[in-house]
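Reckoned from all heavy atoms, side chains included, excluding hydrogens, waters and symmetry mates. The first residue in the sequence is number 1, and the count goes up from there.
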Amino acid sequence: MSDQHSFHSLETLAIHAGNTADPLTGAVVPPIYQVSTYKQDGVGGLRGGYEYSRSANPTRTALEENLAALEGGRRGLAFASGLAAEDCLLRALLEPGDHVVIPNDAYGGTFRLFAKVVSRWGVSWSVADTSDAAAVRAAVTEKTKLIWVETPSNPLLGITDIAAVAEVARSSNVKLVVDNTFASPYLQQPISLGADIVVHSLTKYMGGHSDVVGGALIAADASVGEELAYHQNAMGAVAGPFDAWLVLRGIKTLPVRMDRHSENAGRVVEMLTRHPKVTEVLYPGLPEHPGHEIAAKQMKAFGGMVSFRVQGGEEAAVEVCNRTKLFTLGESLGGVESLIEHPGRMTHASVAGSALEVPADLVRALVGIESADDLIADLQQALG
């Protein structure tokens, strides 16, 4: 670990971890090594360990070192997408006959991966309310190898006590995986709370500008990291050098962006809780949220994701999404601009009819870093 990684402040790590000045030119930003292969000094004489960019690329290495430092892990790995990262994790650590406990509120793509892809490989899964550690423990079987958690969850903003579920995992001799996409390592660090592996969609807050798709795994244990790295190379769904560079650039401003996302979301939530056409606001920053105390304990702030339910059912929720002017109707989240969507018809259509089905009157919003006054005015006119 270099001297720059010895700093403990995440604000400093976000800018400096993995960002070593270029030894040739002194460039303070890692170059984009847009290269597929590398000259060897004799057979097997690799310079810096680089031979082929699927196996390793200097720009991707810089990002992976940064990710490991931010999450407090031993090994970071960058992938072409969040689902590519999840697929690598599942195939590296599971085999036919194994079982996974998944949350009753999760990203639709994650559910689809389990229900439609991994299950065909002979891996079974069952659903548990991960906000209840006892329910998680009850769902564990002798074949369970992983417990999967999202906190805050997507799209209902549920909160899981990571430390409590980590204790369940340890006592059951299974690994705990935490999807930290909705929080980012600036607001929450699952490994410090007992998680074994952290998952990210780098597309979201980490990239931060809606201009890149990527995913990441960060392992707490070096041997697990090596196993994941082997499968990353064997399966090949790696982050390209330009994508890695974009994410690395985005991470430099992660702390200041997350502060603004959280501040703006708090103001939007305050308005929504008073609006007569909003029947429920789902946001862990609210004292009445069932996970508020846990969120306040394990998160630095509550983030920019807000979900709410409206009077009039599904059609009314869809119309709210259609009427916004500043909030862009679109999937994804985590960019500087505000987004709004109807989960039931968009990001979570794949869970329809399952135990993870979301309420039809639900609207999910990413509160961006624009003027909070403008965002509030836009939602007020959309609600009518």
Side-chain angles (χ1 to χ4, degrees), residues 10 13-19 27-36 53-54 56-71 76-89 107-110 113 154 179-187 198-218 228 232 235-258 260-261 303-305 327-341 346-347 364 366-370:
L10 193 137
L13 289 172
I15 294 171
H16 292 285
N19 286 266
V28 297
V29 174
I32 302 169
Y33 284 88
Q34 194 65 50
V35 58
S36 59
S53 278
R54 171 172 40 78
N57 173 280
T59 313
R60 193 171 85 234
T61 296
L63 172 60
E64 292 176 337
E65 289 182 359
N66 183 274
L67 293 168
L70 294 182
E71 286 288 4
L77 299 165
F79 294 82
S81 70
L83 282 170
E86 293 184 7
D87 183 46
C88 177
L89 167 60
Y107 169 52
T110 299
L113 183 61
N154 181 6
D179 186 333
N180 203 28
T181 298
F182 265 34
S184 87
Y186 179 65
L187 300 186
V198 173
V199 175
H200 279 285
S201 170
L202 298 176
T203 311
K204 312 303 194 296
Y205 284 124
M206 302 291 270
H209 295 80
S210 301
D211 57 7
V212 63
V213 173
L217 300 175
I218 300 94
L228 294 172
Q232 179 195 42
M235 294 163 64
V238 297
F242 184 50
D243 291 344
W245 185 88
L246 284 171
V247 175
L248 199 57
R249 181 201 61 171
I251 288 173
K252 292 177 187 292
T253 60
L254 176 69
V256 292
R257 287 188 287 105
M258 294 308 297
R260 183 62 174 265
H261 281 296
M305 296 305 300
F327 280 80
T328 299
L329 177 61
E331 299 189 4
S332 196
L333 59 106
V336 294
E337 64 287 307
S338 295
L339 299 175
I340 197 165
E341 64 121 1
M346 296 171 69
T347 54
R364 190 193 77 177
L366 162 73
V367 181
I369 67 172
E370 305 96 334

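Distance alone, capped at 3.5 Å, places no donor-acceptor pair between the Lys204 side chain and the Leu333 backbone. Of the possible polar contacts, none joining the Arg260 side chain to the Pro255 backbone as a donor-acceptor pair under 3.5 Å is found. Trp245 contributes no side-chain N or O that, together with a main-chain N or O of Thr59, makes up a donor-acceptor pair within less than 3.5 Å. Under a 3.5 Å cut-off, the side chain of Asp87 and the backbone N or O of Ala85 do not form any donor-acceptor pair. At distances below 3.5 Å, not a single donor-acceptor pair connects side-chain atoms of Ser201 with backbone N or O atoms of Gly215. Between the side chain of Arg54 and the main chain of Gln232, no donor-acceptor pair closer than 3.5 Å is present.
For the atom pair OG (Ser332) and CG (Leu366), the distance works out to 8.5 Å, reported to the nearest 0.5 Å. If you take CZ on Phe242 and CG on Asn57, they are separated by 13.5 Å, rounding to the nearest 0.5 Å. In this structure, Leu217 CG and Glu64 CD are separated by 10.0 Å, a value rounded to the nearest 0.5 Å. Here the CD1-CG distance, from Ile251 to Leu63, works out to 5.5 Å after rounding to the nearest 0.5 Å. The CG atom of Leu246 sits 11.5 Å away from atom CG of Leu202, with the distance rounded to the nearest 0.5 Å.
Taking every heavy atom of both residues into account, Asn19 and Ile15 meet most closely at ND2-O, 3.3 Å. Nearest heavy atoms, Thr110 versus Leu83: N-CD2, 4.1 Å. The shortest heavy-atom contact between Thr203 and Val213 is OG1-CA, 3.3 Å. Nearest heavy-atom pair across Ser53 and Val238 is O-CG2, 4.4 Å. Of all heavy-atom pairs spanning Phe182 and Tyr205, the tightest one is O-CE1, 3.4 Å. In plain terms, the two heavy atoms of Gly18 and Pro30 that are nearest each other are O-CG, 4.2 Å.
Inter-residue side-chain proximity for Val336 and His261 is flagged as unmet; no heavy-atom pair is nearer than 4.5 Å. Using a 4.5 Å cut-off on side-chain heavy atoms (C-beta onward), Leu67 and Met206 make contact. Side-chain contact check for Pro185 versus Leu254: some heavy-atom pair is nearer than 4.5 Å. The closest side-chain heavy-atom distance from Asn66 to Leu248 is below 4.5 Å. Contact of the Arg257 side chain with the His209 side chain is registered, since non-hydrogen atoms from C-beta on lie closer than 4.5 Å.
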*Take Leu70 and Leu10 through the test side-chain contact (heavy atoms from CB on, under 4.5 Å) and record every step on the way to the result.*
CA-CA 6 Å; Leu70 294 182; Leu10 193 137; 3.8 Å; yes
*Could you give me the CA-CA distance, side-chain angles and deciding distance for Met305 and Thr181, then say whether side-chain contact (heavy atoms from CB on, under 4.5 Å) is met?*
CA-CA 11 Å; Met305 296 305 300; Thr181 298; over 6 Å; no
_side-chain contact (heavy atoms from CB on, under 4.5 Å) assessment of Val199 paired with Leu89_ = CA-CA 9 Å; Val199 175; Leu89 167 60; 4.1 Å; yes
_Would Ser338 and Thr328 count as a side-chain contact (heavy atoms from CB on, under 4.5 Å) here? Give the steps._
CA-CA 6 Å; Ser338 295; Thr328 299; over 6 Å; no
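The side-chain contact (heavy atoms from CB on, under 4.5 Å) check on Val198 picks up Glu71, Asn180, Pro190, Ile191, His200, Ile218, with sequence neighbours excluded. For Ala84, the side-chain contact (heavy atoms from CB on, under 4.5 Å) partners two or more places apart in sequence, or in a different chain, are Phe79, Ser81, Ala237. Residues that satisfy the side-chain contact (heavy atoms from CB on, under 4.5 Å) test with Thr347, not counting sequence neighbours, are Glu331, Glu341, Pro343, Arg364. Residues passing the side-chain contact (heavy atoms from CB on, under 4.5 Å) test with Ala68, sequence neighbours excluded: none. Evaluation of the side chain to side chain donor-acceptor pair (under 3.5 Å) rule for Tyr186 yields Asp259, Lys300 as partners, not counting sequence neighbours. Legend: residues meeting salt bridge (Lys or Arg N to Asp or Glu O under 4.0 Å) with Glu86, ordered by chain and number and at least two apart, are absent.
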